Every structure is written in structure tokens, then in C-alpha cells.
Amino acid sequence: MKKLPTITMALVLMTATACGSGDSSGSDDGTITMGFSQVGAESGWRTANTESIQQAAEEAGVELQFSDAQQKQENQIRAIRSYIQQDVDVIAFSPVVETGWDAVLLEVQRADIPVILTDRSIDSADDSLYETFLGSDFVEEGRKAGQWLVDNAEGEVNVVELQGTTGAAPAIDRKEGFEEAIADSPGIEVIATQTGDFTRSGGKEVMEAFLRSHDDIDVVYAHNDDMGLGAIEAIRAAGLEPGEDIQIITVDAVEAGMEALAAGEINFIVECNPLLGDQLMELAEQVVAGEEVPKRVVVEETTFTQEEAEAALPDRQY
């Protein structure tokens with residue numbers, strides 16, 4: 001199969017939907033061509049995830065056709081259709097949102113190109129549309145965040161929630177898991193919840209609005225570190241001490257978040273590991289070779305307190 005030049009962080013805008021080759025054995029020289037559509041570059045986590053995938057592809061000798069969807073589903077659908085036209089061996093993508101994928105993935109299926117979901121899942125009744133999903137258990141991440149609050153809460157606790165992108169799997173699941181963990185603790189109440197789109201600027205803007213509307217906030221639960229870091233800026237600008245006057249719980253454990261945790265500005269972080277590149281390349285090789293793979297591959301992750309963050313930071317990879 002003719003190899004195409006690598007596309008680096010460029011949005012693929014080709015919309016044609018030519019037929020695939022039906023050959024899933026890689027090119028004549030054994031090189032695998034992977035089309036990968038990334039959500040965007042909205043956070044430190046996403047940047048680390050992209051770098052992990054690009055580096056792992058290079059090390060594995062996988063020809064990577066990379067596109068940045070800029071957090072828009074329509075861009076990902078265009079990219080996926082372009083990968084069909086390019087006759088790639090495997091398509092991997094991290095879905096911007098959960099729904100609305102059946103039509104384009106049916107096109108991929110008809111082209112006989114295997115699909116791997118990374119980081120985020122899709123909501124579809126037809127799980128034959130993809131070979132496997134590699135990523136975190138977002139519901140469990142939410143549970144861990146909620147359980148820490150249950151274990152450390154004293155008296156009445158008012159929580160504001162900074163949600164991820166509306167309709168995105170981690171936003172839906174982290175909210176669900178958190179609510180499940182605090183359900184039997186009537187003293188803990190979520191008094192406001194709004195999306196900050198997983199961005200630092202979004203987290204800051206929403207937190208500023210929360211602070212104007214509520215003078216009784218005890219805890220911020222942010223669906224990622226970046227929104228939590230934005231909340232810190234807003235809390236400090238309001239003359240309050242982040243981590244003390246208002247406690248902060250986040251998810252991700254990227255370097256900037258861990259540094260804030262070690263400094264006491266964040267109180268607890270649930271890890272979401274972005275370094276999926278090596279596992280993705282291994283799965284790609286297996287599915288292109290026609291091997292059976294697990295339908296769900298869960299990444300092992302932990303949690304961090306202030307002391308644990310201080311200990312982990314010197315050797316942290318992201």
C-alpha cells in the first residue's frame with residue numbers, strides 16, 4: 001500500500017468517502033498506516049496524550065496520519081472519512097462526544113478498516129463498529145473523587161462542579177461517579193454545576209460566576225486539572241485562599257496540577273493517565289493482523305494527596 005506523508009497536527013478537511021481496500025494486513029513492507037483523530041489541544045492532559053501517541057508511533061514504525069479536531073465532532077467525522085479515502089490500515093480516535101458516530105463508523109466498517117477508540121467511548125447499540133476501547137474508567141474516577149470528599153467532609157458541605165465538555169464521555173461519567181459516591185451523605189450538596197469545556201480559561205470564567213452567585217462555596221469538584229487551575233485563579237482574585245477557604249478536587253494529575261497539589265492549592269487529584277501510545281500501537285498491530293483483542297482495555301491509575309504529589313513529582317513523566 002502506498003504510504004502517504006505524515007500529517008502533523010493539521011485538520012484533515014477532505015470529505016470524500018471512497019471504498020476501502022478490504023485488506024487489513026498492512027502495507028507490502030509490513031508498515032501499518034494509522035489514521036488518528038485527536039479531540040484537540042484543550043488541556044495539558046491532551047497535549048501529553050498526543051505526544052505519547054506520536055512518539056509511540058514513531059518508535060513502532062507506524063505511519064501516523066494525525067488530525068486535530070479542535071473539539072468539533074464534524075471535524076472528526078471529516079477526518080475519519082478522509083482516512084477511508086486514504087485507505088489506512090487502522091483508524092483510532094478519541095471521540096469529542098459520545099453520540100452521533102454510527103453513520104460514519106458504518107462507512108468505516110464497509111471499508112473493512114478496524115477502529116480503536118482511545119480515551120473516550122461512544123454511545124452506540126452496535127459495538128461491532130469498533131474493535132476495542134482503550135482508556136480510563138471515568139465513572140470510577142468520579143467515585144474516587146466523591147469518596148475522598150465523603151471521607152474528609154465535616155458538617156454541611158456545599159460543592160460547585162466544573163464539568164467537562166457537554167456530551168463528552170468523561171464529563172458524563174465523572175459526574176455520575178461523583179454523585180454515586182456522595183449519594184448517602186446528605187450533608188454534601190452540589191449547589192451549582194456548569195461546563196468549563198476542560199479548559200483553564202473556562203474553569204476560571206465559570207468559577208468567577210459561581211463566586212458572584214454563591215458566598216457559601218466549600219468545595220470545587222473540577223472534571224480536570226486545567227479547570228481546577230482556572231478556578232484557583234478566580235478564587236485567589238476573590239481574595240480567598242485556594243485549598244484552604246475553598247477545597248479543590250480535580251481529575252488528571254498532569255504536572256501543573258500536581259504542582260498545585262504539592263503546594264496545597266489543590267487538595268486531592270484522581271489520576272487519569274494520558275500515556276496511552278504504547279498500548280495503542282500494540283493493539284493496532286493486533287487488530288491489523290486479525291487477532292482478537294479485549295473489547296475493553298482499562299488503564300491502571302491511582303490518586304494523590306499533597307504528600308503523595310510531592311513524592312511523585314520528581315519522576316513524573318507528564
Side-chain angles (χ1 to χ4, degrees), residues 41-52 119 136-138 140-154 157-164 170 174 177-178 181-182 188 196 198-208 210-211 217-276 299-318:
E42 75 282 0
S43 64
W45 190 99
R46 190 63 57 189
T47 299
N49 180 243
T50 292
E51 291 174 352
S52 171
D119 172 41
S136 304
D137 185 337
F138 299 133
E140 182 61 22
E141 289 172 353
R143 287 193 196 104
K144 290 175 180 177
Q147 189 59 51
W148 181 86
L149 182 56
V150 169
D151 293 342
N152 290 274
E154 296 180 3
V157 177
N158 291 328
V159 182
V160 293
E161 181 180 30
L162 297 172
Q163 290 188 58
R174 287 171 185 164
F178 186 82
I182 67 171
I188 301 174
F198 286 123
T199 66
R200 189 176 301 199
S201 60
K204 180 181 179 182
E205 182 179 345
V206 174
M207 191 64 206
E208 288 171 344
F210 284 163
L211 288 165
I217 299 171
D218 300 305
V219 174
V220 174
Y221 168 45
H223 287 190
N224 76 340
D225 290 344
D226 281 76
M227 290 190 296
L229 293 167
I232 287 173
E233 296 177 26
I235 291 167
R236 191 179 290 116
L240 300 170
E241 193 66 31
E244 293 186 16
D245 295 322
I246 297 178
Q247 293 190 314
I248 301 174
I249 305 166
T250 68
V251 181
D252 272 356
V254 296
E255 185 176 21
M258 293 284 279
E259 289 172 347
L261 177 58
E265 295 177 320
I266 291 175
N267 302 86
F268 187 68
I269 294 181
V270 178
E271 183 181 42
C272 183
N273 187 354
L275 306 182
L276 307 182
V299 182
E300 290 188 10
E301 295 160 336
T302 186
T303 60
F304 294 95
T305 61
Q306 181 176 356
E307 295 76 17
E308 289 166 340
E310 290 172 352
L313 268 170
D315 299 318
R316 198 74 176 152
Q317 292 182 291
Y318 61 93

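From a predicted model like this one, the values you see are computed outputs, not experimental measurements.
- Contact between Asp225 and Asp252 at its shortest, heavy atoms only, is OD2-CB, 3.3 Å.
- The only option from Tyr221, Phe138, Phe268 that meets the side-chain contact (heavy atoms from CB on, under 4.5 Å) definition with Val251 turns out to be Tyr221.
- A salt bridge links Arg236 to Glu265: one of the charged nitrogens lies within less than 4.0 Å of a carboxylate oxygen.
- Looking at Leu313 and Glu259, their side chains come closer than 4.5 Å, going by heavy atoms from C-beta outward.
- At a threshold of 4.5 Å between non-hydrogen side-chain atoms, the residues Arg46 and Asp119 count as touching.
- Shown here for Arg200 and Ala256, the closest heavy-atom pair between the two residues is NH2-CB, 4.1 Å.
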Item checked: Candidate pair Tyr318 and Thr47, rule side-chain contact (heavy atoms from CB on, under 4.5 Å), full reasoning -> CA-CA 9 Å; Tyr318 61 93; Thr47 299; over 6 Å; no

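- Taking 4.5 Å as the limit, some side-chain heavy atom of Ile248 sits within range of a side-chain heavy atom of Ile235.
- Atoms CG and CD, on Asp137 and Glu300 in that order, are 12.5 Å from each other to the nearest 0.5 Å.
- Residues Phe210 and Val220 are not in side-chain contact: their nearest non-hydrogen atoms beyond the backbone lie 4.5 Å or more apart.
- Exactly one of Val219, Leu211, Val160 qualifies for a side-chain contact (heavy atoms from CB on, under 4.5 Å) with Ile246. That residue is Leu211.
- Taking each heavy atom of Asp218 and Asn158 in turn, the nearest pair found is OD2-N, 2.8 Å.
- Ile249 and Ala145 get closest at one heavy-atom pair: CG2-CB, 3.8 Å.
- Atom CD of Glu205 is surrounded by 12 or fewer heavy atoms from other residues, nucleotides or ligands within 6.0 Å.
- The closest donor-acceptor contact from the side chain of Asn152 to the backbone of Trp148 lies under 3.5 Å.
- Between the side chain of Asp226 and the backbone N or O of Thr199 there is no donor-acceptor pair closer than 3.5 Å.
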Next item on the list: With side-chain contact (heavy atoms from CB on, under 4.5 Å) as the test, would you mind laying out the steps for Leu261 and Glu308 before giving the verdict?
Entry: CA-CA 9 Å; Leu261 177 58; Glu308 289 166 340; over 6 Å; no

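- Scanning all heavy atoms of the two residues, the minimum distance from Leu276 to Ser52 falls at N-OG, 3.4 Å.
- The shortest heavy-atom contact between Ser43 and Asn224 is CB-ND2, 3.8 Å.
- Summarising the geometry, atom CG belonging to Asn267 is positioned 4.5 Å from atom CD belonging to Gln247; distances are rounded to the nearest 0.5 Å.
- His223 pairs with exactly one of Glu161, Gln163, Glu141, Arg174 by the side-chain hydrogen bond (donor to acceptor under 3.5 Å, both in side chains) rule, that one being Glu161.
- Taking CD from Glu208 and CD from Glu233, the interatomic distance works out to 8.5 Å, rounded to the nearest 0.5 Å.
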